[in-house]
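Below is one structure; the comments refer to it alone.
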Amino acid sequence: MAVEPASPITTRTIGPGAFSGTALRGDFPVFDAPTRQGKRLVYLDAAASSPKPRAVIEALADAYAHHYANVHRGIYELSEDATARFEGARRRVAGFIGAPSEREIVFVRNATEAINLVAYSWGRTNLSPGDRLLTTQLEHHANIVPWQQLTAEVGATLEYVAITDDGRLDMDDLAAKLANGPKLLALAQVSNALGTINPVAEITEMAHRAGALVLVDAAQSAPHMPIDVRQIGCDFLALSGHKMLGPSGIGILWGRRELLDAMPPFMTGGSMIIRVTLEGAEFNEVPYRFEAGTPAIAEAIGLGAAIDYLDALGMDNVREHERLLFERAWAALGEIPGVRRLGPDDPDTHAGVISFVLDGIHPHDVATVFDHEGVAVRAGHHCAMPVMTRYDLPATTRASFYLYNDTDDVDALTDAVRATQQVFGG
Ligand code: PLP
């Protein structure tokens, strides 16, 4: 169903889904200018970071220009105004992810910091020598390294759920490793390296039955599909604003209130205290206890504007749009000899991220030719080196779609693949 979005979003049902990606491009200033080669910019790297719509850029500029002061401390109009806008963004985030209360929303810098916060605060309080933690081979390094550090420090064991040949979590291995009694399972809802969508609600249920808490890394899912922490049933959720049209420097940790309440601070200093004496300090309540120092005020307000933009489009529509682009691109790439696609075949379990390799051509060379064609993709290990190891690859080329992409971008992708093969004599 087409939505009637609030201004300033431009939609029209001429694209493959509920709105036209081509029309939405008009909202993103980055698409106004041609590339160095004089080509139309075909941006297929949303998984790394997304472009910003004018509404977000203007909200950020407006916050700095007219509503900026430090928050939670000024007894004057401007500070009260900034505080109201900052806290309003917190409420918007809570609504966006279905959190029962905005008090469960902690502003952090990014998903990496959110995961580290849990590893430091929850982990160092709740893990003892001999305990187990579980993550998966499918994760971004941000959801591996903090757990490696934690378990090494505490003397606990870290295990990894294996992945299948087509890039899904091996559910038998998951069940077997849950039976070992891990205290926490940390997993991504969507893999940044392969695009796999994990059934996080089902997995959370399995983990809870086994007595494990669940942290969902939503860095690649929150920007692209409806998220509801109550429906997932998880205990913690991490996301980054910059991947969902928002500014960089702002991210979210959501945690169940009783868990956050029981966790000690991660960083200490101003804002996170109620009282300080020379003998000690009394800490503030959540979420402020986890927000030491001056936060990213305008960036939080910008994230609120990004959420308004996404909400106006409808996250179901965003998901449907990307699903159609995925199906088209997956099929088109499959028809080109010499292209190996990674990840699940099924559009229900594959987000708008396609990792692929071209026979005999290094992904860095692929990305270089693509750049010449105006097509921006990521080439490398995608901060998921264990995934590369699993498939015995040094790197892949990754094309990731978002709401401003359309079928012309899919055509540009396949044209760029053919151009690359031609350059390298394929
Ligand atoms: N988790 C996943 C699945 C990601 O794709 C990323 C970034 O690409 C991160 C975590 C880390 O995000 P950030 O660098 O914004 O902290």
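These values consider heavy atoms only, across backbone and side chains, with no hydrogens, waters or symmetry-generated copies. One-based numbering, in listed order, for ligands and for the atoms of each.
Scanning all heavy atoms of the two residues, the minimum distance from Val366 to Thr420 falls at CA-CG2, 3.9 Å. Here the closest non-hydrogen pair linking Glu87 and Arg90 is OE1-NE, 2.7 Å.
Panel note: side chain Arg341, backbone Ser355; no donor-acceptor pair is recorded below 3.5 Å. Distance alone, capped at 3.5 Å, is enough to place a donor-acceptor pair between the Arg289 side chain and the Met263 backbone. Of the possible donor and acceptor atoms, one in the side chain of Asp228 sits under 3.5 Å from a partner among the backbone N and O of Arg230.
Remark: minimum distance from atom 3 (C) of ligand 1 to any protein heavy atom is reached at Asp217 OD2, 3.4 Å. Among protein heavy atoms, the minimum distance from atom 6 (C) of ligand 1 is reached at His140 CD2, 3.2 Å. Looking only at protein heavy atoms, the nearest one to atom 11 (C) of ligand 1 is Thr112 OG1, 3.5 Å. The protein heavy atom nearest to atom 5 (O) of ligand 1 is Gln220 NE2, 2.6 Å. Of the protein's non-hydrogen atoms, the one nearest atom 8 (O) of ligand 1 is Lys243 NZ, 2.6 Å.
Atoms of ligand 1 found under 4.0 Å from any heavy atom of Ser240 (numbered from 1 in listed order, with element): 12 (O), 13 (P), 15 (O), 16 (O). Counting atoms of ligand 1 from 1 in the listed order, those under 4.0 Å from a heavy atom of Asn192 are 5 (O).
Residue His242 touches ligand 1 through its side chain alone, judged by heavy-atom distances below 4.0 Å.
A heavy-atom separation below 4.0 Å is found between Ala111 and ligand 1.
Aromatic ring centroids of His141 and His381 lie under 6.0 Å apart.
Relative to the six-membered ring of Phe28, Arg25 misses at least one condition, a distance below 6.0 Å or an angle of at most 45° to the axis.
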